[in-house]
**Q** 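Provided herewith is a single structure, encoded as structure tokens, for subsequent inquiry.
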2 protein chains.
Amino acid sequence: MATMKEIARLAGVSQATVSRVINGAENVHPEIRERVMRWVRELDYQPNANARSLKQRRSNLLGVVLPGISNPFFPDVVHAVLRESYRHGRSVLLFESGGNAYHEWRCIQRLYAHRVEGMLLVPVDPEAPHLKRLKSMEIPAVVLTQEIDGFPSVSIDHREGGRLVARHFLDLGHVDVAFLGARRDPKLAGFRAALLDAGIPFGDERVIECRAWHEEATYEAYLRTKEFFQQAGRPPVSALFAYNDLAAIGALRAFEELGLSVPDDVSLAGFDNTSLSAVARPALTTVAQPTQEIGRIATDLLLEWIESGEADESPVTLVPRLVVRESTTGAMVRAAGEASR
Amino acid sequence: MATMKEIARLAGVSQATVSRVINGAENVHPEIRERVMRWVRELDYQPNANARSLKQRRSNLLGVVLPGISNPFFPDVVHAVLRESYRHGRSVLLFESGGNAYHEWRCIQRLYAHRVEGMLLVPVDPEAPHLKRLKSMEIPAVVLTQEIDGFPSVSIDHREGGRLVARHFLDLGHVDVAFLGARRDPKLAGFRAALLDAGIPFGDERVIECRAWHEEATYEAYLRTKEFFQQAGRPPVSALFAYNDLAAIGALRAFEELGLSVPDDVSLAGFDNTSLSAVARPALTTVAQPTQEIGRIATDLLLEWIESGEADESPVTLVPRLVVRESTTGAMVRAAGEASR
DNA sequence: CTGAAAGCGCTAACAG
DNA sequence: CTGTTAGCGCTTTCAG
């Protein structure tokens, strides 16, 4: 591995001069510059970023921590992050927390060890105590896909997303609806609120609990959904809202096995508008997040913070968009209405 | 940001002692160790990995370069890579080449600048001249999903994958088949070979050219497929083999628009067995790659190389597996046969 | 315009 | 068992 010293020796100049050439300083004689550059090219020399980082107190490193890259929602945001980071001369370290708060903290520590200039975080638990510790590290960190006090964030309005689905169900004539996901999911809050506004009570017996960020989200959703619908004395359900597309796919399988047709027997909506939803059978009605925007904006925010030294903590809230496809209909409710008339 | 010097001062010992404690050296008095550790915990101190890297000539960094994380094939391999790297105390830098050879080289250079201990590469072009340069960098690099001379690699046997599809088509009674993808794709070679073995000629007029690794693989496949099937005087085609699931999805859309039913009018097979293929309508017949295995084995290989200092260049070849779902059938061919009788 | 020298935070001999 | 010291490869005053 070539070092600057070596280049200096070869070119017959001092290390300082090589440094100047490498860093494009103006005050170097053209001839010398050329002589140095020749050796740089000859040896494919690249300055050691670690040494540089040490001296300049600036690592050109950014860190990303997310539950798991396998959820098809994340590749798109990572793609945008990578793109934007690269454009600004930063390299990115990627970590998976596996949806585990303690492990998330370990990842953060690792990033800190590398002295990343900033990090992008998709936190497992907004209440996790390590977030305070992160704060005290004084390293720029922006939160993705949710709002957390004390951090800048970029996310969509999840409550509004839930509301969108509720209103869609309502418009279709559904009254007996259910939610598949976590009890404290803001999507559920919005969903429930819109229902209540329409005079439709929505009790906890209508949420099918299912752990978010779970590695095998699809499978768990499949299981929980199947259990729920087989359960004696369960409330009637003509439309189900799943907390994400992965879970919706699981529910889809469950319905298939239960002999329930989507959307003829039960309507189904997902969330995220991942590639899966367009391709599923039937194509899933879902709520789109501007995935790449999220990644891009978050990265830009982070970079600005790094460069300016001060955070803009006002959360960026993007708007969700309902994408209606084939998995939701009101036909079944209307038919029932006519039959009972 | 705390430094070792600071901890040393606070604990009233020398920096060397702190270093010993941090690195778990045996020969430190328990009391002193505890005193130091107290401060380490107090300040959430983490040794600066860059400084360490400089001194130890070992960065604990691994690099990954792939065309784009958005192809659903990659998240799973990255997941495995991340997992395995973390287990071995390494952090990973992720780069996207965007399927561009020059950009790939830039990414490699960046990784080199960070003095990664090794890299995992999904090369854009096996012939790209920069691979030689990479070689001369003398930094361990293993290639994923293809074999390249001079590098260890882990991939499936793509020719065999192509053969599998050809034989499946043949078994179903198809004779008029086509390939959607790049002319020099080894899958095509295997596909063609199996066809030829069965006495079925397969000329270039039956390959629908479509750029691999393209950002918008699905869309391009859609376009090319549509063009091809609308073309006057095109050869008859009752079964199409797409180079990956993304492309197959594109073809699916094209067939939909053309009013051709899959599989009743034309059978369709993809490649990779991504989550998309199971969820598509109709569910795609495809060839499965052991995605996580690829990531895990490649990482292990790389780590061994790093640790031992010598490469095992014999390529690891994993076996592809045909996954038959709903998008392929022989019914249509049989019907035609009966009709002509 | 160029070189000498100090030092970023850490590890690793080497003394003691 | 502990401290002193010399760099790792680079940038950056400060002289010249």
Side-chain angles (χ1 to χ4, degrees), chain A residues 1-37 39-40 43-61 89 109-117 137 139, chain B residues 1-37 39-40 43-61 89 109-117 137 139:
Chain A
M1 298 217 184
T3 80
M4 221 161 90
K5 199 157 133 195
E6 208 172 322
I7 303 273
R9 187 176 52 73
L10 258 13
V13 297
S14 77
Q15 235 187 83
T17 299
V18 179
S19 177
R20 288 192 188 99
V21 172
I22 293 288
N23 294 295
E26 294 299 300
N27 49 352
V28 179
H29 191 91
E31 247 168 54
I32 296 214
R33 173 190 305 282
E34 191 38 50
R35 182 141 44 97
V36 170
M37 282 310 290
W39 283 108
V40 167
L43 305 187
D44 264 334
Y45 170 73
Q46 288 278 122
N48 183 324
N50 299 296
R52 223 176 204 174
S53 166
L54 204 57
K55 182 71 199 181
Q56 300 187 142
R57 323 173 121 270
R58 171 171 196 287
S59 61
N60 289 315
L61 252 28
Q109 288 186 107
R110 282 272 267 268
L111 289 177
Y112 175 65
H114 288 291
R115 296 303 185 267
V116 293
E117 292 183 72
M137 279 178 174
I139 147 167
Chain B
M1 298 219 184
T3 80
M4 221 160 90
K5 199 156 132 195
E6 209 171 321
I7 302 274
R9 186 176 54 74
L10 258 13
V13 297
S14 76
Q15 232 188 85
T17 299
V18 179
S19 177
R20 287 189 189 101
V21 171
I22 293 287
N23 294 294
E26 295 298 300
N27 48 354
V28 179
H29 191 91
E31 249 169 52
I32 296 214
R33 173 190 305 283
E34 191 38 49
R35 182 141 45 96
V36 169
M37 282 309 290
W39 282 109
V40 167
L43 305 187
D44 265 335
Y45 170 73
Q46 289 277 123
N48 183 324
N50 298 297
R52 223 176 204 175
S53 167
L54 202 58
K55 181 70 199 182
Q56 298 187 143
R57 322 171 123 273
R58 171 172 197 287
S59 62
N60 288 317
L61 251 30
Q109 289 185 108
R110 282 273 268 269
L111 289 177
Y112 174 66
H114 288 290
R115 297 302 186 267
V116 294
E117 294 182 73
M137 279 178 174
I139 148 168

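Sequence lines set the chain letters: A, B, ... in the order given, protein chains first and strands last, and positions in each chain run from 1.
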**Q** If we ignore angles and hydrogens, is there a donor and acceptor under 3.5 Å between the side chains of B:R52 and B:N23?
**A**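 There is such a pair (donor and acceptor under 3.5 Å, judged by atom type) between the side chains of B:R52 and B:N23.
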**Q** Tell me, with the steps shown, if A:V18 and A:V13 meet side chain to side chain contact (heavy atoms under 4.5 Å, CB included).
**A** CA-CA 7 Å; A:V18 179; A:V13 297; 3.8 Å; yes
**Q** Side chain of B:K55, heavy atoms from C-beta onward: which of D:dC10, D:dG3, D:dC8 has the nearest atom to it?
**A**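 Per side-chain heavy atoms of B:K55, the pick is D:dC8.
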**Q** Choose from C:dT2, C:dG9, C:dT11 the nucleotide whose nearest atom is closest to any side-chain atom of A:R20.
**A**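 So the nucleotide nearest the side chain must be C:dT2.
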**Q** Of all the nucleotides listed (C:dT11, C:dC10, C:dG7), which has the minimum atom distance to the side chain of B:Q56?
**A**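 Output: C:dT11.
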**Q** Can you tell which of D:dG9, D:dT12, C:dT11 lies closest to the side chain of B:R52?
**A**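 Minimum distance to the B:R52 side chain belongs to C:dT11.
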**Q** Hey, which sits more toward the 5' end of DNA chain D by its nearest nucleotide, A:A2 or B:Q15?
**A**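 Mapping each residue to its closest nucleotide by heavy atoms, the 5'-most match is B:Q15.
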**Q** Is A:S14 near enough to C:dA4 that one of its side-chain N or O atoms lies under 4.0 angstrom from OP1 or OP2?
**A**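 For A:S14, the contact criterion (side-chain N or O under 4.0 Å from OP1 or OP2 of C:dA4) is not met.
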**Q** Does B:T3 reach a base, just sugar-phosphate, or nothing at all? Heavy atoms under 4.0 Å.
**A**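 Sugar-phosphate contact only.
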**Q** Is NZ or CZ of B:R115 both nearer than 6.0 Å to the six-membered ring centre of B:Y112 and within 45° of the ring axis?
**A**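 Cation-pi check for B:R115 and B:Y112: passes.
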**Q** Within residues 26-34 of chain B, find the residues that approach DNA chain D with a heavy atom at under 4.0 Å, and present them sorted by residue number.
**A**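 Those residues are B:N27, B:V28, B:H29, B:I32.
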**Q** Across the strands shown, which category fits B:N50 at heavy-atom distances under 4.0 angstrom: base, sugar-phosphate, nothing?
**A**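 B:N50: no heavy atom of the nucleic acid under 4.0 Å.
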